[in-house]
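Here is how names work: the chains are called A, B, and so on, in the same order as the sequence lines, proteins then strands, and each is numbered from 1.
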Amino acid sequence: MGKKNCYVCGKEALSKNEIGLTKKLLDLESKKFYCLDCLAEYLEVDTEFLLTKVAEFKEQGCKEF
Amino acid sequence: MIYADNAATTRISDRAFEEMLPFLREQYGNASSQYSFGVKAKRAVEQARKQVAAAIGAEPSEITFTSGGSESNSWVLRCVAETYRNESIHIITSAIEHHSVLNACRALEQGGCVEVTFLPVDATGRVSLEDVKAAIKHNTKLVSIMLANNEIGTIQPINQIGAFLKGQEILFHTDAVQAVGHIPVDVDDLHVDFLTASAHKFNGAKGTGILYKRSGLNLSPLVFGGKQEHGIRAGTENIAGIVSAGFAIEESVSELAEEAKRLRSLVEVTVEGIKEKIPSVRVNGNTKFCLPGTVNLGFNGISGESLMHLLDLKGICVSTSSACTSGKDEPSHVLLALGLSEQQAKSAIRISYGRYNTADEAKVIVKAVCDAYAKMMDVL
């Protein structure tokens with residue numbers, strides 16, 4: 001899988017968790033990816049909340065994270 | 001938080017909670033003990049048995065308490081098959097049953113000697129009586145069809161199937177877990193021999209299941225041990241849970257007609273509100289024969305699982321039957337059985353309203369779904 005950049009701020013080489021969040025919360029086939037901050041802004045939640053979700057998804061065994 | 005996943009479980013009612021509490025603290029006796037402390041516990045179980053029986057038109061002696069719906073379903077399937085262990089038998093069920101029925105059937109098939117027919121359903125999730133008739137074989141011993149589906153809410157023509165099977169040497173079981181407490185259920189009207197229910201689906205506590213067994217029928221035990229539950233289901237009774245079941249079912253049935261009307265209006269507000277902004281939304285299931293508070297919606301082109309997560313971010317709990325928890329994203333067997341494509345099946349969410357949902361919450365859900373949908377479409 002190639003490196004992904006943030007669609008909004010251009011942050012390079014998004015982390016696995018950032019890519020996973022975009023896929024999990026928006027669409028597995030998403031063409032746009034977001035860094036944690038930009039995704040939080042787009043979804044109107046705070047970044048801490050998204051990190052909590054990452055932990056939950058990992059606990060559930062999701063392999064996107 | 002807005003909880004709109006009442007088909008998964010419900011909040012215990014205040015009445016059921018208050019009534020069960022003493023049996024966790026002050027009156028914690030074992031119902032099998034012969035001193036007064038135990039007798040009081042036994043009386044509470046028998047009172048609950050009467051309440052449950054009255055709610056479904058049964059006799060108290062026909063009610064057995066179990067650990068939940070899955071145990072009740074497994075019990076009927078496994079033990080009816082066990083009765084005919086020296087014969088090759090045939091069981092009929094439907095393709096959209098709960099996994100506790102489907103997997104029990106598959107296990108029986110794998111054990112040999114049991115052949116299972118999984119009946120198809122129409123595009124709205126209904127089993128046809130004609131298909132049941134056509135599937136009957138000389139060695140058919142059991143038909144097990146759910147009363148209402150957990151994913152789409154479709155209600156099956158159980159009374160028609162039961163009337164057809166009546167008088168034949170074929171036992172009839174219905175998994176009524178989603179129906180009891182939500183639509184009128186009468187075991188005589190349905191002509192069933194066995195019926196499964198579960199307390200936490202009608203605002204009782206988790207961990208208490210119900211099995212109705214028509215008087216005169218024998219069912220060998222699934223759980224062996226003591227002589228509890230008329231000697232057919234061993235294990236110390238979950239007194240508190242059983243008490244909650246009794247009061248919760250009584251409460252649900254007494255409010256059933258009014259509550260069904262209210263829940264139908266919440267579903268209508270939801271569907272119409274979403275359709276206004278997303279005309280392509282699809283209702284999966286039968287809009288006439290359906291549970292009052294359950295609706296399954298399909299959204300073309302997006303992932304139902306992602307929509308569910310976005311709603312979760314906004315504090316709204318709904319469900320999707322296609323959850324990717326281990327990297328394996330399986331579409332719902334129910335939605336596939338309706339004839340939906342894999343992609344359509346994966347685009348669905350289930351909203352299931354219950355006693356504690358309000359019209360304002362339905363409006364919040366409409367807005368949240370439409371907002372989330374727009375965000376999801378924007379990344380494709």
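Rounded to the nearest 0.5 Å, atoms OG (S303(B)) and CD (Q343(B)) are 10.5 Å apart. Between the CG atom of L50(A) and the CD atom of E18(A) there is a distance of 10.0 Å, given to the nearest 0.5 Å.
Here the side chain of N149(B) pairs a donor or acceptor atom with the backbone of I96(B) at under 3.5 angstrom.
The pair E64(A)-K23(A) counts as a salt bridge, with a side-chain nitrogen and a carboxylate oxygen less than 4.0 angstrom apart. Between K314(B) and D371(B) there is no salt bridge, since no side-chain nitrogen of the basic residue lies less than 4.0 Å from a carboxylate oxygen of the acidic one.
Neither the backbone nor the side chain of E59(A) comes within less than 4.5 Å of any heavy atom in chain B. Heavy atoms of D378(B) lying under 4.5 Å from chain A belong to its backbone as well as its side chain.
In this structure the side chain of Y356(B) reaches within 4.5 angstrom of the side chain of S13(B), judged on heavy atoms.
Neither side chain, R11(B) nor N203(B), offers a donor N or O lying under 3.5 Å from an acceptor on the other.
Contact residues of residues 7-15 of chain A toward chain B are absent (heavy-atom distance under 4.5 Å).
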